[in-house]
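First the proteins, then the strands, lettered A, B, ... as listed; each starts at 1.
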Protein chains: 2
Amino acid sequence: MKRKITLKQIARELDVSISTVSKALRNSAEISADTIQKVQAFAKLYNYRPNNIALSLKNRKTNTIGIIIPEIVHHFFSKVIRGVELVANKRGYNVIIGLSNESFSKEVINMEMLANGSIDGFILSMSKETLQQQDYHHFNETMSQGMPIVMFDRVVSEIQCDKVIVDDFKGAKTAVEKLINNKCKHIALITTKDYVSVGKLRTQGYLEALEEHKITPKADLILKVDDTLDYEVHLDALEAEIEQLFKSNKSIDGVFAVNELYALSAMKVARKLGLNIPNDVQVIGFTDGVLSKHATPSLTTVSQHAQQMGEKAADLLIDKLESDYNDEDEVYQTLVIATDLVERESTK
Amino acid sequence: MKRKITLKQIARELDVSISTVSKALRNSAEISADTIQKVQAFAKLYNYRPNNIALSLKNRKTNTIGIIIPEIVHHFFSKVIRGVELVANKRGYNVIIGLSNESFSKEVINMEMLANGSIDGFILSMSKETLQQQDYHHFNETMSQGMPIVMFDRVVSEIQCDKVIVDDFKGAKTAVEKLINNKCKHIALITTKDYVSVGKLRTQGYLEALEEHKITPKADLILKVDDTLDYEVHLDALEAEIEQLFKSNKSIDGVFAVNELYALSAMKVARKLGLNIPNDVQVIGFTDGVLSKHATPSLTTVSQHAQQMGEKAADLLIDKLESDYNDEDEVYQTLVIATDLVERESTK
DNA sequence: TCTTAACACGAAAACGTTTTCGTGACATCT
DNA sequence: AGATGTCACGAAAACGTTTTCGTGTTAAGA
């Protein structure tokens, strides 16, 4: 097994200097045609490739971006990664991935592990625990060291950086309006606790839609699920909560859920209680997942365009990295991506 | 905005040499207690962290592994990544990710982009196009340059390297035996073309189970789907093929499908044709996906333990990287992970 | 007082690049 | 013949580390 060949080895072999080899490979005018030919032939023969690490050190640029997400076995986040990887690759960047598992400390550790020169910038979505604790020091420290951050989806106004978000408020409002137009009179909301920024915004969209149509929101119809637990595991607990919601509000004829799991669970519970979807209850979920498409009945959704978010975030970050950044006059953008209502069988 | 601080800056500031700073930070016995104290205090104040790129260059070790997969918006692969990231992080490694999108050329490009020193080794699953073209030169070239590869799931015997696979043959056989024991007499198989290694093995498991129970396999009952298309998009085409299968074989009372999409589509078509699951037709899928769990009826599956595969693959790779590898006496392992039959509603 | 040892530190090399600058060998011009 | 210019190449610095080795100062031992 031979190691990768280096400039030094080529130089020694051909009895020229390292600089000559380097220049010859880059077709420098300083080098004679003979030498260029000789060096390039040798390099090709031995499949020479410049060592990336050495280049990174020299150029103080790794051409690598880090992406930190709370969870990867998740359609939204994996689609975002796909988008990031797509444009990163197109623009000559590698992608290092870190998972926080919704944990604050893992988020911090992950960032510290990368912020020591391994990458040029971050793309990230905050963990729930971070949102809850409202401790953002690691973001600010990273940025103060000159490493740019682009946040997506789960963002927070306290942090000054570029952001890519979906129009949670409007998406939710449109969805609820759809239910209202479909003659739903008693629309329930299944959402997260308020510290989850996107959950809060979607809740506000729900309220706004109701108010605009002169419907008084009823606290009974709003279920704020405590999702500090891993809900995939505690499915039964979730379903029990939803069942309780239905049982104490028999008049419910529409449900807006802020994520796929809540929506599907609502459908499951409704069916269990003998309700027909969409005739007795119509359901809409705020999700990009595949479950919606394959469920029976299939679920009407507010699409988040996850991949597009990833692409935009990557473009934003790389643009910033490649602008001869004027350091000081920092001006941060927030890109808002419009949602789409994807109508399927769970609504009329 | 201040850049990250370096040894050189600390040295200049404290009026000592770079070596002294370096040694002081590592508590070298060569350095006086006074100096150590002074340097460490300063370093802490300015939040000094050694530059990883410089370390990588010096040590000729990046502590980064690359993972190349055909698709990321996919439960199996994203679970594998989670496993890889888990042990990689635990053992102090970063993970760079590359997506081939089932394309040979993207797989090659991705590998070349990383094999120039950016990583210490690969974990990968081959793209379908690579399997089809049987062109493995990029794997062999990479390995001949001393960069280890661990392959998982989609492997091929022609390549000599460490591998982590699931017991496709036995898993399929067990599943089909389950159907046989459940009194199915006419068991259909929905599988891929044979060039997909795992599809072929699962097909063989199906055949073996039938033969051991003295059932003669019927070619009519075997549907080999051409999945060069992106099937998520061409769902209708897939369903049409399956519908054809059912219509020309009305006696079908059991279906074994080699992946989640095929299994779910089979259920959908069966329902459409007025068949009850599991009373008229029982279905089992070879998958780790979530759809199975949330489908109605939920799908009985052969579980692949994706996360475990990722963990094992990462351990295998890192073990090799950290063994003072004796280069020549290469001995490659193949880890086989047992499957589990997860019984749900689609079987009796 | 001279030798030796311990101590505390600095110089320099190495990892693999790219690039700036310097220089010796020629050729050309006056 | 002397001045000038071009050509083709090499030396060295720089990126940020770690580590080996050398060295000046001081203290201890004979």
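- Salt bridge B/Lys106/A/Glu85: present, at least one basic N to carboxylate O contact under 4.0 Å.
- Among the heavy atoms of the strands lying under 4.0 Å from B/Leu7 is at least one base atom, whether or not backbone atoms are also near.
- Taking 4.0 Å as the cut-off between side-chain N and carboxylate O, B/Glu311 and B/Arg82 do not count as a salt-bridged pair.
- A ring pair (Phe, Tyr, Trp, His ring centres under 6.0 Å) check over residues 100-122 of chain A, counting only residues at least two apart or in different chains, returns the pairs A/Phe104-A/His138.
- Between the side chains of A/Asn116 and A/Ser118, a donor-acceptor pair is found at a separation under 3.5 Å.
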Does B/Ser17 form a side-chain hydrogen bond (donor to acceptor under 3.5 Å, both in side chains) with B/Thr20? I'd like the steps, not just the answer. CA-CA 5 Å; B/Ser17 76; B/Thr20 302; 3.0 Å; yes
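- Note that the first and last nucleotides of DNA chain C, 5' to 3', having any atom under 4.0 angstrom from a heavy atom of chain B are C/dA8 to C/dG16.
- For DNA chain D, the neighbouring residues in residues 29-39 of chain A, judged by any heavy atom under 4.0 Å, are A/Glu30, A/Ile31, A/Ser32, A/Thr35.
- Taking NE2 of B/His305 as the reference point, atom NZ of B/Lys79 lies at 10.0 Å (rounded to 0.5 Å).
- Applying the salt bridge (charged side-chain N to carboxylate O under 4.0 Å, His left out) test to residues at least two apart or on different chains, the pairs with a partner in residues 7-26 of chain A are A/Lys23-A/Glu30.
- Only B/Val16, B/Ser17, B/Ser19, B/Thr20, B/Lys23, listed by number, bring a heavy atom of residues 15-23 of chain B to less than 4.0 angstrom from any atom of DNA chain C.
- B/Thr64 contributes a side-chain N or O that, together with a main-chain N or O of B/Thr62, makes up a donor-acceptor pair within less than 3.5 Å.
- Fit an axis to the five pairs at each end of the helix from C/dT1-D/dA30 to C/dT30-D/dA1 and the two axes sit 80° apart, to the nearest 10 degrees.
- Heavy atoms from other residues, nucleotides or ligands lying under 6.0 Å from NZ of A/Lys312 number 12 at most.
- Taking CD1 from B/Ile69 and CZ from B/Phe77, the interatomic distance works out to 6.5 Å, rounded to the nearest 0.5 Å.
- Ion pair B/Arg154/B/Glu102 flagged as a salt bridge, since at least one NZ, NE, NH1 or NH2 atom sits closer than 4.0 Å to an Asp/Glu carboxylate oxygen.
- Ionic pairing of B/Arg91 and B/Glu322 is present here: one or more N-O contacts between side-chain nitrogen and carboxylate oxygen are shorter than 4.0 angstrom.
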